[in-house]
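Everything on this sheet refers to the single structure shown next.
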Amino acid sequence: MALMIWAAIVIEGIMLDWADVGVLLALQILNAVVGWYEDLKAGDAVAALKASLKAHASVKRGGTYKTIDGAEVVVGDVVVLHAGGAVPADCRLAPGAKELEIDQAALTGESMPVKMGPGCEPKMGSNCVRGEAEAVVVATGSQTFFGKTASMINKVQQTSHFDDVIMAITRSMLLASSVLVAISLVVLVCSGESWLEALAFAVVLLVASIPIALPVVSVTTMALGSRSLARKEAIVTRLSSIEEVAGMNVLCSDKTGTLTLNKMVLQDELPIFTPGYGKRDVLVHAALAAKWREPPKDALDTLVLGAADLDRCDAFDQPEYVPFDPRTKRTEATLVDKGSQETFKCSKGAPHVILALAEPPAAVRAAVEAEIETLSARGVRSLAVARTKPGDASRWDLLGILTFLDPPRPDTAATIARAEQLGVGVKMITGDHKAIAVDMAKQLKMGCRIEGAEGLPEFDVESGEIPQDLGDRYGAMIEAADGFAGVFPEHKFLIVEALQQRGYMVGMTGDGVNDAPALKKAGVGIAVSGSTDAARAASDIVLTNDGLSTIVDAIVISRTIFQRMKNYVVYRVACTTQLLLFFFITVCFVHPTGYGGWDDDTLDDEAQPPKVFKLPVVVLVLITILNDGTIISIAYDAVKPSKFPEKWRMPQTFAIAFILGGVACVSSLLLLHVMLDSRSDGSVWRGFGLPALSYGQLMCAMYLKISVSDFLTVFSARTRGPFWSRAPGTFLFAAAFVATFLSTVISLAWPKKSDGMEPIGAEVVVAVWAFDVAFFLLQDLSKVLFIKAINSYTGENEDDHKIDDGEEPPESIVAAYRRAKHKIWKTKGADQTHYQNLSIQDDFADTV
């Protein structure tokens, strides 16, 4: 397309037509600036990862310890890992090393620190939160777990779905236009037209036929949509992703920090095993086993001290406190009651450790063990609390077990339900334990078929090649699952790839470095609030508000934008069909000299018609400018978003456009025939009391006819029902009014004899307008009948799937979707969305 515009600029420059050169050059520069801006952002994700790789390391070299740049660490170095420091490379803890607590949340999504001892391997990108130990470096740079993440992002070099659609439309129109314009050029030259004038006409007709303004109009439409999303606190970093959100039919979501708060919260469930104690008592004793008037030392202390009544704790002195020790896995404190001076001890820690400490009767032990097993199976974390018996400091009572979870965000369940109502299936993909993922899925009512990482494909880092048969080998299993647990970044990446190979438009949400490759790979990468720099840079949309509810807003807004772009494509193809076919037929088959009445002696030589009919180049440029300049208002049109994922359905889209353009072309040919015959006796034109036209007036009238017909077509192209079924947006209506008004004024006030054209009178203008309106009604009726025929064949009605203003999808559709869910996801191929819509539609009909 760019090359064609440059060719037109060169030819117009040779002819010294600087007005045309200026218009075409402006369009070219605008398109180039948009493309440059998109390319400028291409390396942001990898750049952010490189920046986040920088760290410092404490290394033992030559028998002395020194601090160096983390990039200078090599395999075999002995590094010191300490609380608060980053792990500079993949390491292996040395024999005899003390136990560490490593925070791997940015890598695996694990919400709590992991305890590691001798022989364990802390990964680069994680942080040490407790302890200090020496470790040997086993991998650096791209060979580390973290480096593989950057490697996977580098492998993603894919064009957007919208770019592919734009290119498909452009290639189709350019091919058809080139063939017809080439034939027209040959006919013009053979008819005696000067070679340069014929070439100028052909090139401008070609430029008018291909969608030069398509990128500009699309970017404008999506930019306005991105502003709407920004008001919903969703920042769009790649405009073309808006079109992909509209077609998204699967959303893969990370759990920790995305579906959940990434913050441990105590649960109401608190089993008690010692009579005489209540929940408040257990919480107070848990606080007594900590420094309750000092800042919390870890996440567990934060939980306990935030829930307990600390004023009750102030009734005791704490002469002795033993902090948490990874080897004993508990804390212990000695307390003195200020009133009775009674001395006792409190302890909190791992349930099995406290159980061994308390040594309860067999029946109580069995009950405690059963409760621990139940909690573990559900993925619920627990903390046991004990105190010594009154008057016997050597024996302990197990008071109860505190339970805590990373809870779902308050709006997560509703968001998932609404997404499913909109035809978007949601899958949970997390690095956390399977039991925790299953419990979370139950809470969110999103289906409990959670699979582990076993059986998922692996990424070959050495070759860097992504298997092209992932969809065939793993697709069915991935489709059937409601989520995956215990996965690594490469698993998330390949799950997205497998679904894409199966024909899905995949969205991915996440917040950590571990999510970045999948966010980059997905059709729509969504970084949630509080994401890392790498996650944000790899994403297409960044949420600045907590929770996922904004995603539903993004889906609805994107589908609105999609409708506007689709309407524009229908309109633009229809206009091209009318222009291209009309001038091809007139140049090749319409010979004005063959009509009677043009041999009038009163006509001078300049007023004699040529052998073939064509309009001056300046008129074609004028039509193009008014068309592409005013239909940007489609970006503001009032449309209804679809209830289901959008799809271009190009054959249907082009067919509708051809119907609209074909009727307009036939009407133009018919009017041209009537006006060419206006000077003969008994002509239809003069039968209506209209004056005979000179050839200059005839060209001016045809300019008005084509212009008005084009602008009326926009009202038919924007609906699938009758044009009056949905009122147009105010700006669109105003733009069409201004364009038709200008075209009418131009035809009335055209400079006489300029480019061979002459102005026409008011009665001719009224006649042309009446003719255009009559055929516009016929054009719209033809479209409606054609779409009804398509709907009766496919069994669906597109407008029935639209969301009316203020309408919420009915709650019953959630159940309908879930009943159809696994059946839908077993469908394969490019028509996936079409089948999915039909399946949901059938179940929804049953529900109603």
Side-chain angles (χ1 to χ4, degrees), residues 152 155-156 158 161 244 247-255 416 419-420 422-432 434 437-438 440-442 444-460 465-510 515 517-519 521-525 644-645 647 814-843:
M152 280 189 287
K155 297 298 179 185
V156 181
Q158 57 187 21
H161 180 259
E244 289 158 357
M248 182 174 68
N249 49 20
V250 173
L251 177 64
C252 297
S253 177
D254 178 45
K255 181 184 74 70
I416 291 174
E420 290 184 343
L422 294 169
V424 181
V426 182
K427 294 179 183 290
M428 179 196 303
I429 303 180
T430 177
D432 225 330
K434 183 175 180 179
V438 170
M440 182 57 59
K442 289 178 180 177
L444 298 176
K445 300 178 182 178
M446 60 179 297
C448 301
R449 187 170 179 178
I450 306 296
E451 304 289 350
E454 308 83 16
L456 286 175
E458 298 289 341
F459 183 74
D460 185 356
E465 296 298 325
I466 300 174
Q468 297 304 305
D469 59 351
L470 287 177
D472 294 333
R473 293 166 56 197
Y474 301 97
M477 180 268 291
I478 292 173
E479 288 170 358
D482 294 305
F484 295 90
V487 300
F488 290 109
E490 58 263 32
H491 293 135
K492 296 183 181 184
F493 182 89
L494 295 174
I495 286 171
V496 171
E497 171 66 21
L499 287 171
Q500 288 176 331
Q501 290 184 14
R502 300 279 281 191
Y504 290 92
M505 178 60 73
V506 184
M508 178 74 198
T509 69
D515 300 316
L519 290 171
K521 179 61 180 171
V524 185
F644 302 111
K647 192 176 181 181
V814 180
Y817 181 86
R818 287 177 183 143
R819 286 201 305 273
K821 188 173 180 182
H822 294 299
K823 175 179 68 176
I824 295 165
W825 279 348
K826 289 177 182 176
T827 318
K828 296 167 63 175
D831 290 334
Q832 161 66 27
T833 305
H834 171 66
Y835 295 140
Q836 178 180 349
N837 290 351
L838 290 180
S839 299
I840 296 174
Q841 190 179 350
D842 294 340
D843 274 352

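This one's a predicted model, so the numbers in the text were calculated from it and none came from an experiment. For this chain, numbers begin at 1 and follow the sequence in order.
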- Task: Quick one: do Lys492 and Asp254 satisfy side-chain contact (heavy atoms from CB on, under 4.5 Å)? Show the steps, please.
- Result: CA-CA 9 Å; Lys492 296 183 181 184; Asp254 178 45; 3.3 Å; yes
- Message: Would Lys521 and Gln500 count as a side-chain contact (heavy atoms from CB on, under 4.5 Å) here? Give the steps.
- Response: CA-CA 10 Å; Lys521 179 61 180 171; Gln500 288 176 331; 3.2 Å; yes
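Taking the side chain as every heavy atom from C-beta outward, Leu251 and Thr509 approach each other to under 4.5 Å. Using a 4.5 Å heavy-atom threshold, the side chains of Val424 and Phe644 count as separate. Using a 4.5 Å heavy-atom cutoff, the side chains of Glu497 and Tyr474 are not in contact. With contacts defined as side-chain heavy-atom distances shorter than 4.5 Å, the pair Met428/Ser253 does not qualify. With a 4.5 Å cut-off on side-chain heavy atoms, Leu499 and Glu479 count as touching.
Across all non-hydrogen atoms, the minimal contact from Pro645 to Gly247 is CB-O, 3.7 Å. Heavy atoms only, all atoms of each residue included: Ala522 and Gly507 are closest at CB-C, 4.4 Å. Across every non-hydrogen atom of Leu519 and Gly510, the tightest pair is CD2-N, 3.8 Å.
With sequence neighbours left out, the side-chain contact (heavy atoms from CB on, under 4.5 Å) criterion links Ala485 to Thr430, Lys434, Ala437, Ile450.
Under the 3.5 Å distance criterion, the side-chain polar atoms of Glu420 are left unmatched by any main-chain donor or acceptor of Met446. Counting only distance, with no hydrogens or angles, the side chain of Arg502 and the backbone of Gly471 share a donor-acceptor pair below 3.5 Å. The backbone N or O of Ala481 lies less than 3.5 Å from no partner atom in the side chain of Glu451, so there is not a single donor-acceptor pair. With Asn249 contributing its side chain and Met505 its backbone, the two residues share a donor-acceptor pair below 3.5 Å.
Considering CZ of Phe484 and CE of Met477, their distance stands at 5.0 Å, rounded to 0.5 Å. Atom-to-atom distance recorded for Lys427:NZ and Arg449:CZ is 9.0 Å, nearest 0.5 angstrom. The CD1 atom of Ile478 sits 5.5 Å away from atom CD1 of Ile495, with the distance rounded to the nearest 0.5 Å.
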